[in-house]
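Only one structure is covered here, and it is reproduced in the block below.
Treat the numbers as computed from the prediction; the structure is a model and nothing was measured. Chain A is the first sequence line, chain B the second, and so forth, proteins listed ahead of strands; every chain is numbered from 1.
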Amino acid sequence: MTEIKLYNTKTRSKEVFSPLDVNDVRMYVCGPTVYDRAHIGNARPVIVFDVLYRLLREKYGTDHVRYARNFTDVDDKINATAAARKAAGAVGTLEELVQERTDETIAWYLEDMGALGNLEPDHAPRATEYIDEMVAMSAMLIEQGHAYEADGHVLFDVTSYENYGSLSGRSVDDMTAGARVEVAPYKRNPMDFVLWKPSDEGQPGWDSPWGRGRPGWHIECSAMAEKLFGKRFDIHGGGLDLAFPHHENEKAQSCVCGSEDDFAQVWMHNEMLQVEGKKMSKSLGNFFSVQELLGKGHAGEVIRFVYLSTHYRKPMDWTDRKRADSERTLRQWRAQVSGVDAANTPDAEFLLALGDDLNTHGAIQVLHKLSRAGDAALLKRSAQVLGLLTDELDGWITQSGAQSGDQERIEQVEDWLRAARNSAMLSGNFESVDRLKSAARNAGLEVRMTKETVELIPDAGFDAEKLYEIKRGDA
RNA sequence: GGCGAGUUGGCGGAGUGGUGACGCAGCGGAUUGCAAAUCCGUGUACACGAGUUCGAUUCUCGUACUCGCCUCCA
């Protein structure tokens with residue numbers, strides 16, 4: 001297979017990917033904070049890195065790639081929900097209610113991401129399972145002079161790591177000058193960030209050398225990545241908004257903790273998502289969850305296709321127009337590959353496009369070409385590297401609202417139409433044929449007639465009620 | 001204020017130092033009782049200005065506009 005080139009945020013350039021160990025390619029992606037249902041922005045990195053995971057497995061072998069994606073289950077929004085439930089009379093300790101909330105959120109997340117055709121990672125660590133490692137790492141940072149304790153907090157001293165800011169292209173001085181937030185008085189430098197903070201009675205906490213408390217956000221990924229992958233690994237990914245401060249901080253901690261300047265080889269960041277040209281936000285009313293999108297009847301495969309139509313390093317605009325276009329394309333391809341066995345290997349040109357920094361759009365163009373050439377086996381096999389045209393995501397086209405009982409009725413109408421057309425061909429009067437056709441269309445049926453055949457196919461607007469209102473008439 | 005990204009035909013969206021993909025829509029044709037679907041054909045696009053060059057949409061600089069991050073949002 002051809003080489004894979006990836007854009008590395010660290011070097012700001014596209015590089016040929018060369019794993020540290022071809023028998024154990026390791027990718028860590030920052031996962032969700034599990035406080036609520038995943039919104040459609042959360043789905044972007046999941047889909048992008050799922051495609052990379054599939055591509056790496058294609059190249060290095062399924063058993064030689066490991067993918068880790070964490071669940072951040074320590075968070076004040078989670079605490080707030082748990083506290084609110086307790087106040088409302090829920091049974092259990094605060095810790096139990098926190099766990100209940102994170103468990104249910106994780107289950108939703110996996111369900112929603114699965115519906116979009118994503119594979120589950122090999123490792124899905126939860127922050128709460130790695131508190132000991134985080135405490136140990138924080139202690140080591142203090143011991144080595146990279147962190148300090150102040151007012152019950154443990155803070156990382158950003159001036160102690162000379163490359164701080166290099167990943168996101170910022171300097172401590174510039175950021176300090178432009179800081180818009182009030183600086184906590186106990187910080188030596190305004191950019192210093194929290195490794196550990198104290199918890200009061202109403203907050204979950206763990207014992208530590210600095211008293212009962214909980215970890216800061218950034219330390220978890222450093223601790224979990226090292227535990228699972230060691231001090232050096234291949235790819236670290238996430239949304240662009242994580243580049244600073246999250247990844248910058250994570251890198252600083254890990255690098256001074258023994259990874260030197262060599263923690264993740266490649267840092268990758270996907271651009272953000274917009275909705276109808278605007279930033280998704282609750283106040284604009286264009287904020288919605290993956291669940292809501294699926295609930296509108298949009299197939300997971302269609303949603304996935306929309307995401308993959310835009311290169312991951314460009315802002316992606318979610319529009320209903322794109323959704324409709326994608327659906328049309330997939331209906332066509334699904335019909336084309338139905339009953340066809342996938343080829344043994346994906347198309348070479350397709351892999352070339354995908355290997356060029358995950359040019360999913362370019363790869364889709366190659367799929368269009370394969371479709372036009374009528375090579376269904378190759379189309380199917382290639383598309384599956386994108387997680388499209390898979391068996392898992394199949395079945396939505398027939399689920400357009402038509403129940404199996406409706407099918408009999410549809411066939412009955414087809415018979416009427418056929419009979420009406422046959423007699424009209426003799427009489428020259430097509431009035432009843434046209435009436436049946438428009439009634440069928442009105443019920444959300446696509447009318448396909450050739451000289452020999454009559455087919456009625458339910459589409460997205462299928463309406464069973466109107467189907468049963470169709471009368472045979474005097475035809 | 002600091003840092004960064006982007007600006008391609010009606011829409012979406014790749015890519016390239018030299019006859020400007022691809023998809024959708026549109027238009028023309030085949031087909032059809034008429035349609036739909038399908039097939040064939042079809043497009044005077046690369047924000048603006050300057051520079052480098054035999055030649056720039058592609059490289060450099062500047063301008064305008066849009067967007068993101070700097071607030072534990074992917």
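- H368(A) comes within 4.0 angstrom of sugar-phosphate atoms only, judged by non-hydrogen atoms across all strands, and of no base.
- Side-chain contact annotation: E292(A) with S289(A), donor-acceptor N/O pair under 3.5 Å present.
- Residue contacts shown for T319(A) are absent, as no nucleic acid heavy atom lies under 4.0 Å away.
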Using atom types as modelled, flag every donor-acceptor pair under 3.5 Å from a side chain in residues 436-443 of chain A to any protein atom, sequence neighbours excluded.
{"residue": "S438(A)", "atom": "OG", "partner": "D434(A)", "partner atom": "O", "Å": "3.4"}
{"residue": "S438(A)", "atom": "OG", "partner": "R435(A)", "partner atom": "O", "Å": "3.2"}

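- Comparing C30(A) and S309(A) by the nucleotide of RNA chain B whose heavy atom lies nearest to each, the residue mapping closer to the 5' end is S309(A).
- Side-chain contact, E220(A) with T72(A): a donor N or O sits under 3.5 Å from an acceptor N or O.
- By the side-chain contact (heavy atoms from CB on, under 4.5 Å) test, D36(A) pairs with R101(A), W108(A), sequence neighbours left out.
- The P atoms of rC3(B) and rU71(B) are separated by 16 Å, rounded to the nearest whole Å.
- Taking a 6.0 Å sphere around CD of E162(A), one finds it holds 12 or fewer heavy atoms contributed by other residues, nucleotides or ligands.
- For the pair R170(A) and E248(A), the salt-bridge criterion is not met [side-chain N within less than 4.0 Å of a carboxylate O].
- Remark: N42(A) is not in phosphate contact with rC73(B), judged by side-chain N or O atoms under 4.0 Å from OP1 or OP2.
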Enumerate all atom pairs, one protein N or O and one N or O from nucleotides 5-7 of chain B, separated by less than 3.5 Å.
none

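- As rounded to the nearest Å, rU38(B) and rA25(B) have P atoms that lie 9 Å from one another.
- Residue L273(A) is in base contact, counting any heavy-atom pair closer than 4.0 Å across all strands shown.
- A distance of about 14 Å separates the C1' atoms of rA30(B) and rA37(B), rounded to the whole Å.
- Rounded to whole Å, atom P of rG23(B) lies 13 Å from atom CD of Q336(A).
- The separation of rU44(B) from rU57(B), taken at their C1' atoms, amounts to 15 Å, rounded to a whole angstrom.
- Taking for each of G169(A) and R328(A) the nucleotide of RNA chain B with the nearest heavy atom, the 5'-most of the two is the partner of G169(A).
- Scanning for side chain to side chain donor-acceptor pair (under 3.5 Å) contacts around D157(A) gives T159(A), with sequence neighbours left out.
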Base-contact (B) and sugar-phosphate-only (S) positions in nucleotides 33-41 of chain B, heavy-atom cut-off under 4.0 Å, - elsewhere: BBBBS----
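- By the side chain to side chain donor-acceptor pair (under 3.5 Å) test, Q336(A) is found to be paired with S371(A), residues two or more places apart in sequence or in another chain being considered.
- With sequence neighbours excluded, the residues satisfying side-chain contact (heavy atoms from CB on, under 4.5 Å) with E431(A) are N429(A).
- In this structure, the CG atom of D325(A) is 16 Å from the C1' atom of rA14(B), given to the nearest Å.
- Between K322(A) and rC24(B) there is no side-chain polar atom (N or O) within less than 4.0 angstrom of OP1 or OP2.
- When the P atom of rA74(B) is taken as reference, atom CG of L52(A) falls 20 Å away, rounded to whole Å.
- You'll find that the side chain of T329(A) is closest to rG23(B), out of rA74(B), rA25(B), rG23(B).
- Among the nucleotides rC69(B), rA74(B), rA25(B), the one closest to the side chain of F244(A) is rC69(B).
- Going from the P atom of rU52(B) to that of rU60(B) covers 15 Å, rounded to whole Å.
- The distance between the ring centers of H146(A) and Y161(A) does not fall below 6.0 angstrom.
- Base contact: H39(A) has a heavy atom under 4.0 Å from a base atom.
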Under 3.5 Å, which N/O atoms of the protein pair with N/O atoms of nucleotides 60-62 of chain B?
none

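- Counting only heavy atoms from C-beta outward, the side chains of L445(A) and V413(A) never approach each other to under 4.5 Å.
- Counting non-hydrogen atoms under 4.0 angstrom, G41(A) reaches a base of the nucleic acid.
- Listed by chain and number, the residues in a side-chain contact (heavy atoms from CB on, under 4.5 Å) with P45(A) are F49(A), N270(A) (sequence neighbours excluded).
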Under the 3.5 Å Watson-Crick or G-U criterion, the dot-bracket string of RNA chain B, with | for inter-strand pairs: (((((((..(((.....[...))).(((((.......)))))....(((((..]....))))))))))))....
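- Taking atom CG on D36(A) and atom P on rA74(B), their separation rounds to 11 Å, with Å as the unit.
- Checking T128(A) against D73(A) by side-chain atom types alone, a donor-acceptor pair falls below 3.5 Å.
- Between K14(A) and D356(A), at least one side-chain N (NZ, or NE/NH1/NH2) sits under 4.0 Å from a carboxylate O, which counts as a salt bridge.
- Note: CG (L370(A)) to P (rG23(B)) measures 13 Å, nearest angstrom.
- Comparing rU58(B) with rG51(B), their C1' atoms sit 15 Å apart, to the nearest whole Å.
- Between rG18(B) and rG29(B), the two P atoms lie 38 Å apart (nearest whole Å).
- The CG atom of D112(A) sits 14 Å away from the P atom of rA74(B) (whole-angstrom rounding).
- T310(A) has a side-chain polar atom (N or O) that falls below the 4.0 Å cut-off from OP1 or OP2 of rG13(B).
- Applying the ring-ring contact (aromatic ring centres under 6.0 Å, His included) criterion to H298(A), with sequence neighbours excluded, gives no partner residue.
- Heavy atoms of Q274(A) sit under 4.0 angstrom from primed sugar atoms or phosphate atoms, though from no base atom.
- The neighbour count for K187(A) NZ, taken as heavy atoms of other residues, nucleotides or ligands under 6.0 Å away, is above 12.
- Applying the side chain to side chain donor-acceptor pair (under 3.5 Å) criterion to D320(A), with sequence neighbours excluded, gives R323(A).
- Atoms CG (N270(A)) and P (rC67(B)) sit 20 Å apart, rounded to a whole Å.
- Separating the P atom of rA50(B) from that of rU16(B) is a span of 26 Å, rounded to the nearest Å.
- Atom C1' of nucleotide rG12(B) and atom CZ of R323(A) are separated by 15 Å, given to the nearest angstrom.
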